[in-house]
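See structure below.
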Amino acid sequence: MNSPKSSRSRLWFLWHSWLAMPVWLFMLFVCVTGCLAVISPELTWLFNPALRVSEDGPAAPLSALAAAAQASLPTGRVSALVWLDATTPLAVAVKVALPSGFEQTAWVNPVTAQVQAVTSGMSLRSFFRSLHGWLLVYPGGWFVVSAMGLPLLGSLITGVVVYKKFWRAYLHPRLRRDKGARSFWGDLHRLLAIWSLWFVGLMAITGTWFLIYLALLESGISLGADEAHHLTPRQDLPLVMAGQQPPAPTLVLDQALVAMQQARPGFRPLYIALPASAYDSLTLYGVGSAPLLMDEAHAHPLTGALTELSPGSEASGWVMTQQIMRSLHVGAFGGWPLRLVWLLCGLMLCALAISGMTIWRHRTRPATPSPVLKRRWQRGWIYLSALVLLIPLSTLPFYLTGKSLFPMPEHQQTVQIGAYTLTLSTPQDRTPHREPGVGLVHDYRLHVTGTDYPPFRGMFLRHGKPDGLEPEQLGELAHGSPFSLHAHVLLPATAEPLWLSVEGWDGVIHQVMVPLPWDGGAGQ
């Protein structure tokens, strides 16, 4: 007769063995894609020789990088600069928005300012990170992936309980290769577990945190990262008459970077987004002197002077915790040596999943007293993991070509306002959603047609006729790509028509009420 202590230990073992079985294949997929995402800069360097940088010397001015990209795609407009990694010799990815609404990437040598390649679609790094982080389907895939932190955390807790005095194995490791497959896989699983114990705990905690964080955001709870940015004052913007070229924000990239490095010594940019309109700001995002944290700043689009500075060390508790969790999860704070450690530990997690499955087949499943668990396994519950892996296939064409396999139905209509021709799009189900810190909003997209350069200062959307002509009174500033903008428009308590306001560089403001399909053409 078994003692209560042995029965309790057996129960803990069964819980440990069965905890991740229904999702073990998906867990393995998450671990493998996580390893690829960690070393994605090195993979980009390995498989894309055209993106490698061999020259040494001082970095070229950012304005020179932007000018080279602009010259390679003259019909487009530079929208962002992205550094894939600071320790891997790769070209800078300069994003160029095209009049079609899509974008291409000009890979510019950071030393010589020469364009080395022009590509479409996602970079290898972005693809692996999106595949690992949200299965190419946001936010649903994010919930599915981050939920893996729960069985990982459960496996960690039950494993520590089952493996009594596990710390002894650090001094006396055992791997029996002459006692049969069962002993070998058991020893290997335990060895991998104790040496990756800290890493398993780190991935479990950060993964669970991501799940909680996104759940709060999707619930419309403000977590301190949604403060509205100030609009550029109208009096700071020059008047540009017909035939003249509006000032380009690429000309002040160097001034903005210098101002940021003076305010935050040691700042190294990772991402710089150029404004889509004159009222928007130039955004700088990168790493500074504070470990694990990111600094962000907004600069005047025409002078480069900093208008808003958000150091990571001064962020709110929620934002700071999110930054620290992300840096710890991806190992993005120590260069390639740390990424190598994260890769090795990630491979150990993959081996843990495989060895755990092998142990389950040879030991746990035959020893499980409950016929229900066995029957459910035989009925195919294990294939749930394989079914989840089919999710990315539905959106893979969009990431590769920009065209979705299952496009979301949407209403489209052409809007003529002054000399501007726009295409306004909105989801057909017109389902509003709650934006943290804002309220209930409705999404609209605006595609600018008939011009190779957006000739306006700003474009605003609002439900209800604006009660003034100041930028803050005109509604929500459309942002995003210079040719394909979007806006999250606040919904009032009572139904109001949609108003579109466009301010030209000549200072003239054009306004029109846009009839929506579900309003019966009345805009009401």
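In what follows, every heavy atom counts, from backbone to side chain, and hydrogens, waters and symmetry copies are set aside. Note that the structure is a prediction, hence the values are computed from the model and not measured.
For the residue pair Ser126/Ser123, the side-chain donor-acceptor check at 3.5 Å is satisfied. Judged purely by distance below 3.5 Å, without hydrogens or angles, the side chains of Asp280 and His479 never pair a donor atom with an acceptor atom. Neither side chain, Lys95 nor Ser79, offers a donor N or O lying under 3.5 Å from an acceptor on the other. Under the 3.5 Å distance criterion, with hydrogens and angles disregarded, a donor-acceptor pair is assigned to the side chains of Gln104 and Ser120. Under 3.5 Å, the side chains of Thr426 and His442 contain a donor-acceptor pair of N or O atoms.
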Residue pair Ser481, Glu103: steps toward the side-chain contact (heavy atoms from CB on, under 4.5 Å) verdict: CA-CA 9 Å; Ser481 163; Glu103 72 174 15; over 6 Å; no
From CA spacing to verdict: side chain to side chain donor-acceptor pair (under 3.5 Å), Gln413, Thr423: CA-CA 6 Å; Gln413 56 185 306; Thr423 301; over 6 Å; no
Derivation of the side-chain contact (heavy atoms from CB on, under 4.5 Å) call for Leu424 and His411: CA-CA 8 Å; Leu424 184 141; His411 292 293; over 6 Å; no
Intermediate values then yes/no, side-chain contact (heavy atoms from CB on, under 4.5 Å), Ser277 and Leu477: CA-CA 9 Å; Ser277 66; Leu477 176 68; 3.7 Å; yes
From CA spacing to verdict: side-chain contact (heavy atoms from CB on, under 4.5 Å), Val330, Trp342: CA-CA 8 Å; Val330 304; Trp342 256 238; 5.9 Å; no
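The CD atom of Gln70 sits 13.0 Å away from atom CG of Leu65, with the distance rounded to the nearest 0.5 Å. Atom CG of Leu446 is separated from atom OG of Ser484 by 8.5 Å, given to the nearest 0.5 angstrom. Going from atom CD1 of Ile157 over to atom CG of Leu153 covers 4.5 Å, rounded to the nearest 0.5 Å. One distance of note links OG1 of Thr283 with CD1 of Ile272; it measures 10.0 Å at 0.5 Å rounding. Note that CG of Leu84 and CG of Asn48 are 9.5 Å apart. Values are rounded to the nearest 0.5 Å. Separating the OG atom in Ser146 from the NE2 atom in His329 is a distance of 9.5 Å, to the nearest 0.5 Å.
When atom types are taken as modelled, the side chain of Thr307 and the backbone of His298 share a donor-acceptor pair closer than 3.5 angstrom. Of the possible donor and acceptor atoms, none in the side chain of Glu296 sits under 3.5 Å from a partner among the backbone N and O of Leu284. A donor-acceptor contact shorter than 3.5 Å is absent between the side chain of Ser327 and the backbone of Ile324. Judged by distance alone, with hydrogens and angles left aside, the side-chain atoms of Ser130 form no donor-acceptor pair with the main-chain N or O of Phe127 at under 3.5 Å. Counting only distance, with no hydrogens or angles, the side chain of Thr395 and the backbone of Leu136 share a donor-acceptor pair below 3.5 Å. One N or O on the side chain of Arg52 and one on the backbone of Leu46 form a donor-acceptor pair closer than 3.5 Å.
Between Trp107 and Trp45, the ring centre distance reaches or exceeds 6.0 Å. Between His486 and His447, the ring center distance fails the sub-6.0 Å criterion.
When side chains are defined from C-beta on, Val108 does not count as touching Gln116, because their heavy atoms never get closer than 4.5 Å. In this structure the side chain of Leu214 reaches within 4.5 angstrom of the side chain of Pro139, judged on heavy atoms. The shortest side-chain heavy-atom distance between Phe199 and Met348 does not fall under the 4.5 Å cut-off. Leu500 has its side chain within reach of Leu422: a pair of non-hydrogen atoms, C-beta onward, lies under 4.5 Å apart. Val32 has its side chain out of reach of His132: every pair of non-hydrogen atoms, C-beta onward, lies at least 4.5 Å apart. Between Cys345 and Trp198 there is a side-chain heavy-atom pair separated by less than 4.5 Å. At least one side-chain heavy atom of Leu349 sits under 4.5 Å from a side-chain heavy atom of Cys31. Contact of the Leu253 side chain with the Leu282 side chain is registered, since non-hydrogen atoms from C-beta on lie closer than 4.5 Å.
Minimum interatomic distance between Gly317 and Thr321 (heavy atoms only, all atoms of both residues): O-OG1, 2.7 Å. Contact detail for Ser196 and Leu192: the closest heavy-atom pair is OG-O, 2.6 Å. The minimum heavy-atom distance between Leu485 and Ala478, with the atom names listed, is CD2-O, 3.6 Å. Annotation for Ser155 and Thr158: closest pair O-OG1, 3.3 Å, computed over non-hydrogen atoms. Of all the heavy atoms in Leu328 and Met203, the pair that sits closest is O-CE, 4.0 Å. The two residues His488 and Glu476 make their nearest non-hydrogen contact at O-CG, 3.5 Å.
Residue Trp336 qualifies as open at atom CH2: its count of foreign heavy atoms under 6.0 Å is 12 or below.
A salt bridge between Asp85 and Arg125 is absent, with no side-chain N of the basic residue lying under 4.0 Å from a carboxylate O of the acidic one. Salt bridge Arg462/Glu496: absent, no basic N to carboxylate O contact under 4.0 Å.
Using bins of under 30°, 30° to 60° and over 60° for the plane-to-plane angle, the ring pair Trp134/Trp142 lands in the parallel bin. Note on ring orientation: taking the six-membered ring where Trp is involved, the planes of His463 and Tyr444 are tilted (angle from 30° to 60°). Under the 30°/60° scheme for interplanar angles, the aromatic rings of Phe29 and Phe26 are found to lie parallel. Using cut-offs of 30° and 60° for the angle between ring planes, the Trp209 and Trp318 rings count as parallel.
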